[in-house]
Amino acid sequence: MTLRTRFAPSPTGFLHIGGARTALFCHLHARHNRGQWLLRVEDTDRERSSEEAVAVIIEGLRWLGLVADEGPYFQSRRTARHLEVAHQLLDAGKAYRCYCTKEELDGMREEQRARHEKPRYDGRCRRRQDPPPPGRPAVIRFITPQGGDLHFSDRIQGDIRYPNDELDDLILVRSDGSPTYNLAVVVDDHDMGINFVVRGEDHLSNTPRQIHLFQALGWEVPVYAHMPLLHGADGAKLSKRHGAVSVLHYRDAGFLPEAVNNYLVRLGWSHKDQEVFTMEEMIRLFEIGEVGRSAAIFDLAKLEWLNGQHLRAASPERLAPLLVEALQRQGIANPDPGLAKAVLPQFVERAKTLVEMAEKARFYFLEAHPEFDPAAAAKHLTPPMAPPLQELRALLADADPWDVTTVEAHFRTVLERHHLKTGQLAQPVRVALTGGTVSPGIFEVLHCLGRETSLARLDKAIAFLSRPG
RNA sequence: GUCCCGUUCGUCUAGUGGCCUAGGACACCGGCCUUUCACGUCGGCAACACGGGUUCGAUUCCCGUACGGGACGCCA
């Protein structure tokens with residue numbers, strides 16, 4: 001039997017890093033086993049679901065490269081089928097109408113809490129003999145088996161044993177006639193041939209009741225794998241402060257999707273001492289049964305390191321357009337794509353994100369001269385540097401060809417004549433060309449900047465350090 | 001409150017009774033490399049929550065406690 005699983009987000013917000021991790025694990029599990037996975041949007045809560053959220057979730061998955069075999073299916077379009085099943089249960093005497101009001105239910109829960117009991121519906125309408133109150137809307141509740149334990153073997157969590165008496169009669173259909181989540185998942189998972197469910201641990205306690213539903217319907221129960229949750233830096237639930245932002249935020253922050261996937265897979269799973277994985281490796285090596293059971297905390301520093309690793313593994317062809325984009329967002333109107341590609345190797349080891357890369361490479365793309373960092377200029381653009389800089393400028397003007405080797409040769413000539421150490425000239429030149437004290441190797445910078453721009457910037461620096469006063 | 005789940009360096013993790021004076025990675029600190037910054041490299045700091053068992057022997061098995069998380073909705 002081929003494995004069929006699904007990723008089933010509810011479109012009440014964006015796809016955050018935790019949801020992305022669930023989607024990734026679904027994808028890996030399906031691909032590893034040559035199975036399929038489908039995307040199902042669980043939008044039975046019409047109040048809170050939105051179309052933008054759907055679009056953003058799909059875009060997030062697309063960016064991560066997690067492409068489903070089927071879907072997206074929309075749960076809200078399957079209402080008729082859900083209700084059909086509810087009535088089937090009703091007809092079979094496995095469900096009943098409940099006329100309890102909100103107030104009644106609230107009162108019941110309050111009393112139970114006061115008695116230190118778990119708040120749950122006591123099933124009073126199940127035993128109702130008298131005719132229903134006329135005109136009062138009813139919900140349909142499922143008759144949960146009483147007594148005994150329900151146990152199932154979770155592929156991640158292990159054997160779970162759950163006393164049936166902890167469960168109450170869950171609502172299948174709301175008083176407005178709409179099906180609830182627990183009904184919809186069971187029906188959809190069955191109808192869509194899902195035989196394996198990967199989802200967050202927050203669904204663990206829903207599982208026993210869903211299994212009861214499957215059994216009442218005479219349907220085969222899927223295998224479950226409940227993933228440990230992701231926590232923020234303070235150990236609490238993920239919030240906007242620490243990571244629960246849209247995955248697309250990471251795209252805009254200059255992260256590569258493969259780095260995000262790599263980071264996410266290592267949260268709860270490992271393979272020997274390997275840290276860096278390609279998607280192919282993840283698919284080949286990933287075993288859902290090896291996933292750990294404890295929650296993990298999101299650590300941006302490690303994501304950044306991994307991003308650096310993947311940045312280095314990526315080709316300049318792939319990265320150049322991304323760098324151009326990042327530069328544009330930093331106000332560079334028309335970054336030269338050719339220059340971006342040429343210059344990329346110089347930054348790939350110096351930046352952890354594309355955004356950082358763009359900041360560092362910015363000086364290459366400036367139309368005007370870079371502004372001298374005041375501290376850098378004060379330290380390196382000093383009057384005594386005028387003669388060597390002028391001499392360098394003169395030699396460079398005639399350098400032929402304009403390449404790294406020639407440029408370096410002229411540079412060394414100046415060094416010798418003025419008895420300077422490399423750094424003594426390199427730093428002033430660096431400030432002249434880039435505005436600051438940090439950049440790739442100075443000969444590469446000269447070369448890639450080109451003769452015209454290099455000379456102009458040197459002139460500007462010479463004028464600056466020769467200024468009166 | 002009740003039920004379920006979890007607990008190895010700051011963080012992600014390895015570890016399935018002796019190989020553990022607990023391994024790797026990120027972060028951090030220091031050396032080397034060096035034209036700056038990085039990269040690289042070498043080294044350092046740093047953990048089995050606690051208490052009982054079981055056993056010749058527990059990080060590994062059992063029980064309890066503490067702490068953390070999840071669930072308890074006409075949300076998903």
Side-chain angles (χ1 to χ4, degrees), chain A residues 8-12 42-45 47-49 75 98 100 102 105-106 109 112-121 137-141 154 157-158 160-163 165-168 170-182 184-185 199-208 226 228-229 231 233 235-237 263 266-276 292-306 308 312 346-352 360 376 380 408 411 415 420-427 429-431 434 436-443:
Chain A
S10 64
T12 53
E42 312 234 310
D43 54 351
T44 46
D45 184 350
E47 297 278 296
R48 298 196 301 159
S49 299
Q75 204 153 56
C98 165
C100 294
K102 185 113 174 65
L105 261 20
D106 287 347
R109 291 194 186 102
Q112 286 162 334
R113 269 184 216 277
R115 272 183 269 131
H116 293 195
E117 284 171 17
K118 183 173 186 166
R120 57 207 203 278
Y121 182 63
V139 300
I140 298 177
R141 284 188 188 270
D154 190 282
Q157 304 289 335
I160 306 289
R161 187 168 294 274
Y162 205 91
D165 290 340
E166 286 298 321
L167 269 20
D168 60 4
L170 81 165
I171 293 176
L172 302 176
V173 180
R174 301 184 183 99
S175 54
D176 67 357
S178 63
T180 61
Y181 162 76
N182 278 300
V185 245
R199 51 166 36 162
E201 198 187 347
D202 49 339
H203 287 279
L204 191 61
S205 41
N206 283 324
T207 308
H226 286 92
L229 266 21
H231 291 169
K237 234 174 155 174
Y263 176 70
R266 286 284 292 103
L267 259 30
W269 179 80
S270 63
H271 176 73
K272 302 187 176 167
D273 285 341
Q274 187 169 349
E275 294 289 350
V276 182
R293 296 131 298 250
S294 51
I297 292 172
F298 184 83
D299 179 23
L300 186 63
K302 184 138 184 194
L303 206 210
E304 286 177 336
W305 175 77
L306 268 171
R312 285 173 225 171
Q346 298 169 25
F347 295 99
V348 104
E349 304 218 327
R350 280 172 243 259
K352 292 189 164 98
K360 292 192 153 130
H380 299 291
E408 178 169 359
F411 186 94
L415 243 37
L420 291 170
K421 287 194 279 188
T422 315
Q424 289 176 299
L425 184 57
Q427 283 305 76
V429 171
R430 199 179 318 269
V431 177
T434 73
T437 55
V438 173
S439 86
I442 200 65
F443 309 125

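In what follows, chains carry the letters A, B, and so on, assigned in the order in which the sequence lines appear, proteins first and then strands, with residues in each chain numbered from 1.
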Between B/A14 and B/G23, how far is it from one P atom to the other, in whole Å?
15 Å
Item to complete: Determine: side-chain N/O of A/R109 to OP1/OP2 of B/C74, distance under 4.0 Å, yes or no.
Response: yes
With the side chain defined as heavy atoms from C-beta on, A/L105 is closest, among B/C26, B/C74, B/G70, to B/C74
(message) Categorize A/I442 for me: base, sugar-phosphate, or nothing, with a 4.0 angstrom heavy-atom threshold over every strand shown.
(response) base
- Quote, to the nearest angstrom, the P distance that separates B/A22 from B/G44. 13 Å
Touch class at under 4.0 angstrom, heavy-atom based, for A/S294 against every strand present
sugar-phosphate
Give A/N206 one of three labels, base, sugar-phosphate or nothing, depending on what nucleic acid heavy atoms sit under 4.0 Å from its own. base
Over all strands shown, is A/I160 touching base, sugar-phosphate only, or nothing at heavy-atom distances under 4.0 angstrom? sugar-phosphate
Looking only at side-chain N and O atoms, does A/S270 come under 4.0 Å of OP1 or OP2 in B/A14?
yes
Integer angstrom distance from the P of B/A71 to that of B/G30 = 44 Å
Taking OP1 and OP2 of B/A76, is either one under 4.0 Å from a side-chain nitrogen or oxygen of A/T44? yes
Measuring only the P atom in each nucleotide, how far is B/A46 from B/U2? A whole number of Å is fine. 41 Å
Testing B/G70, B/A76, B/C72 for proximity to the side chain of A/P119, the answer is B/C72
A/Q346 CD to B/U36 C1', in whole Å, measures 14 Å
I'd like the P distance from B/U59 over to B/G53, given in whole Å. 15 Å
Mark yes or no for a side-chain to base donor-acceptor pair under 3.5 Å between A/R350 and B/C37, with no hydrogen or angle criteria applied.
yes
Per atom distances to the A/E201 side chain, the nearest of B/C5, B/A71, B/C74 is B/C5
From the candidates B/C74, B/U13, B/U35, the one with an atom nearest any side-chain atom of A/A426 is B/U35
Margin query: Taking donor-acceptor contacts at under 3.5 Å, does the side chain of A/S205 reach the base of B/C4?
Written below: no
Within the 4.0 Å heavy-atom criterion, would you say A/S10 contacts the bases, only the backbone, or no part of the nucleic acid? sugar-phosphate
From the candidates B/U36, B/C39, B/C4, the one with an atom nearest any side-chain atom of A/R312 is B/C39
Of B/C4, B/U35, B/C74, the nucleotide closest to the side chain of A/F443 is B/U35
note: A/K272, atom NZ; B/G15, atom P; distance rounded to Å ~ 12 Å
Q.
Heavy atoms only, 4.0 Å cut-off, all strands: where does A/R293 land among base, sugar-phosphate and nothing?
A. sugar-phosphate
Taking the P atom of each, how far is B/G18 from B/G57, in whole Å?
-> 15 Å
- Message: Mind checking if A/G436 touches a base, just sugar-phosphate, or nothing, with heavy atoms under 4.0 Å?
- Response: nothing
